[in-house]
Amino acid sequence: MLRKCTLLVFILLYIFHSSYSQKTYWASRVVEFSSERVIPFQTTEYKAVQALGKPNVFPKFIESTAAWQPSQPDSPNSEYITVSFDTIMSIRQVAVAENYGQGAIDQILAVDENKIFHTLYQSLKNQPIKNRNKGEMLHILLEDLTPYSVVAIKIILKTERIKGVNQIDAIAISESIDPIKPLIKIAKDAPTEVFRENLGKNINSRHQEFAPIISLDGKTLFFTRNYLPVFWQHKKTFLNEDMDVWYSNKDSRGNWGKAHRIGLPINDKGKNAVFSVSADGKEIFLLNNYKKNTFSTIGISHSFLTSTGWSYPEEIKFIKFDNYSHYCDITISPDGSVMVMSIMRPSTTGRRDLYVSFKKDKNLWSEPVNMGRQINTSEDDASPFIAADGKTLYYSTRGFTGYGDNDIYKTVRLDDSWFNWSEPENLGPGINTPEWDAFFTIPASGEYAYICSSNTSKKEDIYRLELPKTAKPEAVAIISGNVLSMTDKKPVESILTMTPQNNKLKTEIKNYDPAIGSFSFVVPLKEVYDFVPYAKGYLAINETVDLSNEISYREIKKDFYLIPLEIGNKGILNSFTFEQGESKLQAPTLKDLDRIAQAMLDFPTLEIFFEGHTDNQGDFQLNLKLSEERLDEVKNYLISKSILAERITTKGWGQTRPIASNLTEDRRKLNRRVEFTIVKK
């Protein structure tokens with residue numbers, strides 16, 4: 001028995017040691033270094049700290065700002081960097097990601113707890129020169145565990161051996177002899193193959209098409225066409241522009257129609273591009289500040305859809321906005337209150353970082369704030385896109401281990417701050433290619449994504465791909481429709497307020513103009529929403545849309561109604577629901593009464609007749625009295641809002657006039673109601 005227990009303990013210890021010995025430790029602190037490249041407005045790019053953590057460009061090695069680069073190439077003097085780790089232990093392996101200019105490593109030394117240096121690797125004097133543009137993961141495998149604990153690793157370079165740039169991206173140690181291979185952080189179960197459909201000649205041309213932006217309803221695609229030179233001469237158009245905004249509409253069969261240039265005033269003599277589209281498709285955000293009769297300047301503008309087309313772009317102003325880059329990409333949250341942008345500022349990690357700005361009023365936004373190292377890298381972090389759920393962010397970077405040049409990554413907002421994000425996940429080799437991938441955009445349905453990628457001619461085209469489940473954001477609903485008059489069903493120009501019953505969600509207000517189309521709200525599922533239209537000369541009817549049981553994307557067509565303030569017009573106040581046997585007014589009811597009070601203040605001769613009803617539960621006479629008590633509550637509340645008592649008449653009917661069956665509680669609720677009639681204007 002003792003022998004069996006001993007054997008079991010041995011096996012368990014072996015399993016534990018084996019799993020432990022496989023652990024890889026990447027450098028976590030720079031102890032010392034000889035030099036680092038310095039550039040204007042530098043923050044961390046090319047600095048020694050870039051050798052910390054996992055590789056950023058592996059397995060396709062390219063020159064990168066996210067790697068340590070000594071200050072001078074081809075130096076006659078040795079360059080070195082010493083790093084430590086989150087552990088002190090005996091090792092059997094050192095791995096060094098030579099990002100660019102491989103073969104310059106002359107020595108690798110281990111430093112023990114007594115600060116004694118031990119040589120782990122020494123290059124040969126006549127060592128053949130490798131392909132310096134390829135890069136490699138150099139593995140130094142030892143015959144046995146070091147008899148000492150390793151405190152730090154020192155890498156010594158002879159940069160004159162390999163002419164040009166030399167870069168070290170990462171340094172790791174392990175107790176195992178299994179070659180260290182950093183893994184790409186990809187979404188779970190991300191497919192390795194995804195069908196990519198080139199959108200064809202209706203969208204793509206022999207010129208460069210990029211920066212696609214899909215409207216959230218999936219029916220309009222905006223993109224930019226950059227005119228390539230013909231026989232070294234640029235194509236001359238009627239405005240001599242070289243970068244224009246184009247758009248295409250989807251037909252009833254789901255095919256994209258022939259693209260059209262968006263025209264003036266969006267396309268001018270400068271470089272034009274649409275960054276983002278509002279949830280209702282009636283506002284677009286544009287590259288540059290537009291200047292009449294001259295060239296545009298760097299900045300951001302927006303334009304609104306009118307009955308005659310897009311308005312002249314107006315500059316978006318910030319409390320403070322400094323962008324040291326010539327480039328800028330932005331995306332707007334579905335509710336229109338948050339802007340994520342790719343710019344370069346003094347607080348930038350490297351090149352362009354992602355920043356967030358919050359809307360202060362119609363045309364003023366807060367100073368952009370860096371969104372943090374969890375998502376920003378020392379490379380260009382570009383083309384951000386906030387999905388319809390308002391939580392999922394997609395962007396393009398080559399600052400993480402990926403499949404080639406820029407890849408598309410997905411990260412999810414973890415709270416309401418816009419600074420706490422999940423670890424970015426690569427969307428996988430089915431979506432990302434060895435080439436440059438960017439401008440990832442998704443409609444609210446999440447069915448397809450649109451992306452800009454290089455084609456076989458190494459020219460950017462726009463592609464559509466079916467979005468894998470792992471890459472999709474949370475499902476939402478689009479609620480769209482019109483605001484109509486209750487009497488003639490004609491559209492009424494109005495203001496429509498959407499209020500979630502969940503207080504953690506924001507209220508949204510939209511202007512409804514029948515001349516430019518229906519309203520549209522993009523909302524999360526599993527919530528309940530109250531909608532109230534407003535127009536002077538009308539009484540609003542509160543409507544509720546219940547999505548609490550919905551789990552997948554929906555498009556909901558819903559019209560809302562206003563009652564003209566005309567004699568004889570009637571309505572039921574949907575918010576007037578009572579608990580059985582109760583007469584106390586609920587909070588939603590008070591909001592409806594506030595609107596009625598405002599209408600009566602706007603029209604001082606307006607008089608309204610209120611009628612109260614109950615279900616059939618309980619005593620007949622008590623129900624009659626209850627209906628009268630409920631109307632007394634209504635009248636007293638309006639009087640408290642400075643409405644004269646003689647302008648309000650009431651009649652309680654008890655259970656005598658039901659509008660629904662009393663067989664179930666859901667039906668009985670409909671009978672516990674308050675109706676009104678305009679009797680004088």
Side-chain angles (χ1 to χ4, degrees), residues 187 211-218 220-223 273-287 300 302 316 318 328-343 352-359 365-366 368-372 374-376 381-397 408-425 427 431 437-452 467 471-478 504-506 508 510 520-525 553:
I213 292 294
I214 188 75
S215 61
L216 286 186
D217 65 6
T220 304
L221 180 69
F222 298 90
F223 63 94
V274 173
F275 281 138
S276 192
V277 184
S278 63
D280 60 7
K282 296 175 182 176
E283 181 182 8
I284 53 176
F285 297 82
L286 301 156
L287 174 69
I300 303 167
H302 59 160
I316 289 179
F318 297 85
C328 172
D329 308 322
I330 73 164
T331 180
I332 304 294
S333 63
D335 66 3
S337 66
V338 180
M339 181 188 300
V340 172
M341 62 187 73
S342 169
I343 57 175
R352 282 192 289 159
D353 273 0
L354 299 185
Y355 286 74
V356 64
S357 177
F358 302 97
K359 193 172 187 178
W365 293 73
S366 68
V369 180
N370 193 292
M371 294 172 68
Q374 178 76 339
I375 59 176
N376 285 315
D381 305 306
S383 68
F385 177 78
I386 301 173
D389 64 0
K391 299 178 181 179
T392 306
L393 176 69
Y394 303 87
Y395 67 108
S396 173
T397 186
I408 306 296
Y409 289 81
K410 169 189 171 185
T411 180
V412 178
R413 186 160 53 89
L414 301 178
D415 56 28
D416 293 332
S417 70
W418 290 85
F419 299 104
N420 187 16
W421 296 87
S422 65
E423 182 180 357
E425 294 180 331
L427 293 188
I431 291 177
D437 300 301
F439 297 109
F440 195 76
T441 180
I442 309 172
S445 67
E447 182 181 6
Y448 291 100
Y450 296 81
I451 189 171
C452 174
L467 201 58
K472 290 184 179 183
E474 290 185 11
V476 296
I478 293 182
K504 294 181 180 180
L505 301 179
K506 294 180 180 178
E508 291 186 44
K510 294 183 183 291
S520 181
F521 291 87
V522 178
V523 296
L525 303 181
Y553 172 73

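Hydrogens, waters and symmetry mates are skipped; everything else that's a heavy atom, side chains included, is used. Since the structure is predicted, the reported quantities are computational estimates derived from the model, not experimental observations.
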Do side-chain atoms of Ser276 reach the backbone of Ile332 as a donor and acceptor pair under 3.5 angstrom? yes
Taking the ring of Tyr394 and the ring of Phe440, is the distance between their centroids below 6.0 Å? yes
Closest contact, heavy atoms only, Leu221 versus Pro212: CD1-CB, 4.1 Å
In terms of heavy-atom contacts, Pro334 and Ala279 come closest through O-CB, 3.3 Å
Rounded to the nearest 0.5 Å, what's the gap from CE on Met371 to CH2 on Trp421? Could you check? 4.5 Å
Please confirm whether the backbone N or O of Tyr355 pairs with a side-chain atom of Asn370, one donor and one acceptor, at under 3.5 Å? no
Quick check: are there more than 12 heavy atoms from other residues, nucleotides or ligands sitting under 6.0 Å from NZ of Lys391? no
Residues which pass ring pair (Phe, Tyr, Trp, His ring centres under 6.0 Å) with Phe275, listed by chain and number, not counting sequence neighbours: none
Within this structure, what is the NZ-CD distance for the pair Lys506 and Glu508, rounded to the nearest 0.5 Å? 9.0 Å
Side chain of Ser357, backbone of Ser366: donor and acceptor closer than 3.5 Å? yes
Under the salt bridge (Lys or Arg N to Asp or Glu O under 4.0 Å) test, residues paired with Asp415 that sit two or more places apart: none
To the nearest 0.5 Å, tell me how far Ser422 OG sits from Gln374 CD. 7.0 Å
Under a 4.5 Å cut-off applied to non-hydrogen side-chain atoms, are Ile300 and Cys328 in contact? yes
Flag, side chain of Thr392 to backbone of Val412, donor-acceptor distance under 3.5 Å: no
Run the side-chain contact (heavy atoms from CB on, under 4.5 Å) test on Arg352 and Asp329 for me, step by step, so that the C-alpha distance in whole Å, both residues' side-chain angles and the decisive distance to 0.1 Å come before the verdict. CA-CA 10 Å; Arg352 282 192 289 159; Asp329 308 322; 3.2 Å; yes
Working for salt bridge (charged side-chain N to carboxylate O under 4.0 Å, His left out), residues Asp416 and Lys504: CA-CA 10 Å; Asp416 293 332; Lys504 294 181 180 180; over 6 Å; no
For the student: nearest non-hydrogen atoms of Lys359 and Gly336, plus distance: CD-O, 3.5 Å
Partner set under ring pair (Phe, Tyr, Trp, His ring centres under 6.0 Å) for Tyr409, not counting sequence neighbours: Phe400
Check whether any side-chain N or O of Ser520 sits under 3.5 Å from a backbone N or O of Asp280 as a donor-acceptor pair, and report yes or no. no
Are side-chain heavy atoms of Tyr553 and Ile478 found at a separation under 4.5 Å? yes
Please check: side-chain N/O of Ser383 versus main-chain N/O of Phe439, any donor-acceptor pairing under 3.5 Å? yes
Once you measure the plane-to-plane angle for Trp365 and Phe318, does it fall in the parallel (<30°), tilted (30-60°) or perpendicular (>60°) bin? tilted
When rounded to the nearest 0.5 Å, the distance separating NZ of Lys472 from CD of Glu447 is 7.0 Å
Donor-acceptor contact below 3.5 Å, side chain Thr441 vs main chain Tyr450: no
Which heavy atom of Leu427 sits nearest a heavy atom of Ala471, and at what distance? CD2-CB, 4.0 Å
Stepwise side-chain contact (heavy atoms from CB on, under 4.5 Å) test for Leu467 and Tyr448: CA-CA 5 Å; Leu467 201 58; Tyr448 291 100; over 6 Å; no
Would Phe385 and Ile442 count as a side-chain contact (heavy atoms from CB on, under 4.5 Å) if you check the C-alpha gap in whole Å, the side-chain angles of each, and the deciding distance to 0.1 Å? CA-CA 8 Å; Phe385 177 78; Ile442 309 172; 4.0 Å; yes
Is there a donor-acceptor pair under 3.5 Å between the side chain of Asp381 and the backbone N or O of Asp353? no
In Å, rounded to the nearest 0.5 Å, how long is the span from CG of Leu287 to CD1 of Ile330? 9.5 Å
Side chains of Ile284 and Phe222, heavy atoms from C-beta outward: is any pair under 4.5 Å? yes
Show your reasoning for whether side-chain contact (heavy atoms from CB on, under 4.5 Å) applies to Ile316 and Phe285. CA-CA 9 Å; Ile316 289 179; Phe285 297 82; 3.5 Å; yes
Taking every heavy atom of Ser337 against every heavy atom of Asp335, the minimum-distance pair comes out as OG-OD1, 2.8 Å
State the OG-NE2 distance between Ser278 and His302, to the nearest 0.5 angstrom. 11.0 Å
Taking C-beta and beyond as the side chain, do Val338 and Val356 meet within less than 4.5 Å on heavy atoms? yes
Is there a donor-acceptor pair under 3.5 Å between the side chain of Ser215 and the backbone N or O of Thr220? yes
Correct closest heavy-atom pair for Asp389 and Val476 would be CA-CG1, 3.7 Å
Leu354 side chain near Pro384 side chain, heavy-atom distance below 4.5 Å: yes
Side-chain donor or acceptor of Tyr395 paired with backbone N/O of Ile375 under 3.5 Å: yes
